[in-house]
Amino acid sequence: MTPRSSLLTQSARPLYWILLAAAVWVLLRGHNEPGGGFIGGLLAVAGSSLVAITLDVRAACRLQPLAPLPLALSGVALAVLAGLFGAAAGLPFLTHRWTEVGVSTVMLFDIGVFCTVWGALTGYVYALLDDGEAAP
Amino acid sequence: MLVLSPLLVPLLTALLTALLARQPVLRRGVSLLGAAALLACAVLLLFDVVRDGRQSVALGNWPLPYAIEFAADALSAALVLLAASVGAGVLLATLRWGETAEAEAGLHPLLHGLLAATGAVFLAADLFNLYVWFELMLISVLGLLVLGGKRRHGEAAFKYFAVSMLGTLLMLGAIGMIYGATGHLNFGALRVASVEPALAGALPAYLGLLVLAFLLKAGAFPLFAWLPASYHTLPAPVLALVGGLLTKVAAYVLLRLLGDVFAATPGILLEALGWLALVTMLSGVLGAAYHWDVRRILAFHIVSQIGYLLLGIALATPAAAAATAYFLFHNILVKANLFLIAGLMFAAAGHYDLRRIGGLYPAWPLLALLFLLSAFSLVGVPPTSGFWGKFMLLREAFEQGRYLWGGTALAVGLLTLYSMSKIWLEGFWKPQPHDGPAGPRPAARPSAAYAAVVVLSVLILAMGMFPEPVIRHVEQATAGFWSGALE
């Protein structure tokens, strides 16, 4: 194992939160401008990967709201749920509804995409890193 | 909403069963409930379609042809119901299979994922969605292939993955070029756009590429080698779903695209498809004659049956399309049932190799009878379901003056009888060899799997004894096929 830069290990957690804030900002911005759940999700994956590489996989996993697989699955569930709101009102699946205060089912769908990307890709990253750790 | 249920119900079931990775009892319950709900939705959808005609939904309420459209017509609704029934049967058969705990935890989400993707392919009404769901179907199968966790499973999965990636690239390339040339992906829009004279020069090439991609995925000659090489490592009940459905979905897509969407298919493509169908039939049945592993024999017969379906597509008339659809229905049921029976044979005799097992008839007479029914149906002996499918197909071939095509199909039927009687004589009739494994164990009878086989056999028998409603249904479903400017 190569020696780690203490500068990097110390700043990994603050950087993670900054990246996560950027991810959420991109997610919310995607409503009317370039951005959205997918790109936001990728930014969050970048944050988690940073922690997983500089510290370890377990630390990165603890900082996520759920473990990778449940996170991805609940993301898909959230997206499907967002589609069902329109269907409940008798409109086709995925017809989106808006409320006065700016909360909409589109948002819910995008958060679902965000969680799916975050969960699925960190799942892959952690699996790959774990293999590297196990090898002598 | 009902139109989307064959996609949403199994998708939600897959999610729930994946989240319940640690609760085996609850997971099985949810999985069975999901399969039952899917079956109910499929029945309701078929009733709706028969009563009111084609049902379609444009996602997000966007206008067509820009919205993502899912549509159920008489053909796709019937296929959804068949897929749901086979899915429910296979789920019953896997319930008490005694695989490892981890394999079982992965099995349920993957099976439901496969069902969701299959349903979505049947219902997709645009090329790109067709591609997406077709890939999801293959990814689920890839997951099922590696579930065993042994080296040979990885090897089989790699062969399967490599070949299907090639097919995917061809498919995506063809779809991109068709989109570039017509500006459309939606089936309805393509139906109009594809007959424009400006396209006449390029369309055969694009279609050829698209057909090649699906031939690869259907396991047609000369691209079938991946199928027996990768399928035989799956546990038999899972194989029933994969072998019963997957290649048939590719055949359905070919029928839908060539017969319905691009009805102005150039004659040379159809001629080539017809000859390819003959070689596919022959190579499948000859490959089966050589093998002794029940799973390999049946896998080679998948290839051979795909030949019949391709023949029906190549004949290119509404009557031939009806025959193809009937054959498709019958084949999904019979193939799935034969694989389930192979699984029971394995449970009883302890091995898939026919040289090492025997004596199943005295131990399990009912199973032997059920095997005979499905085997005769595969061969096409009257009055089984296979007879009507082959009869409709051959009548159309001879009426069109394709004597060589029809004659070969008849000869392949005889060869099919040879391999089926091999399984019968070696597995059921001859006494148990002394150096074989444990021998028939009547106590090890997995009753749920047995029940699934009985139900599927009843369906096959019903399709053979009372073919009129099914024939009327497929004739209605395919009445508008091949209506484009032929030649």
Side-chain angles (χ1 to χ4, degrees), chain A residues 30-32 36-38 61 64-99 104-124 126-128 130-131 134, chain B residues 1-23 27 30 34 37 41 45 55-64 66-72 102 105-106 108-110 112-113 116-117 119-120 123-126 129 132-133 136 139-140 143 146:
Chain A
H31 200 68
N32 291 317
F38 191 82
C61 211
Q64 280 178 302
L66 289 167
L69 183 67
L71 186 62
L73 292 173
S74 28
V76 178
L78 209 60
V80 173
L81 193 73
L84 289 176
F85 270 102
L91 292 161
F93 182 67
L94 279 181
T95 308
H96 289 296
R97 318 298 307 274
W98 280 266
T99 61
S104 63
T105 57
V106 184
M107 188 95 265
L108 208 58
F109 185 83
D110 241 8
I111 295 172
V113 174
F114 181 92
C115 292
T116 310
V117 173
W118 195 14
L121 291 188
T122 49
Y124 288 124
Y126 296 166
L128 288 172
D130 258 354
D131 263 355
Chain B
M1 213 35 218
L2 202 55
V3 178
L4 285 180
S5 59
L7 188 172
L8 291 178
V9 171
L11 201 60
L12 283 174
T13 317
L15 284 174
L16 283 175
T17 47
L19 284 173
L20 293 170
R22 303 252 168 79
Q23 287 98 337
R27 181 177 61 233
V30 169
C41 287
L45 180 64
Q55 315 256 317
S56 109
V57 56
L59 290 195
N61 219 5
W62 295 99
L64 289 174
Y66 304 106
I68 293 171
E69 191 192 7
F70 284 93
E102 288 129 40
H108 290 276
L110 286 169
H112 284 284
L123 297 173
D126 72 284
N129 253 286
V132 169
W133 292 102
L136 282 176
I139 288 170
S140 310
V146 295

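In what follows, chains are A, B, ... by sequence order, proteins preceding strands, each numbered from 1.
- B:Ala18 and A:Leu73 get closest at one heavy-atom pair: CB-CD1, 3.4 Å.
- With a threshold of 4.5 angstrom between heavy atoms, B:Leu59 approaches chain A through its backbone and through its side chain.
- Contact of A:Val80 with chain B is made through the side chain alone, with heavy-atom distances under 4.5 Å.
- Atom CG of B:Leu15 is surrounded by more than 12 heavy atoms from other residues, nucleotides or ligands within 6.0 Å.
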Taking it one step at a time, do A:Leu84 and B:Leu8 satisfy side chain to side chain contact (heavy atoms under 4.5 Å, CB included)? CA-CA 10 Å; A:Leu84 289 176; B:Leu8 291 178; 4.2 Å; yes
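- For chain A, no part of B:Ile68 is nearby; none of its heavy atoms comes within less than 4.5 Å.
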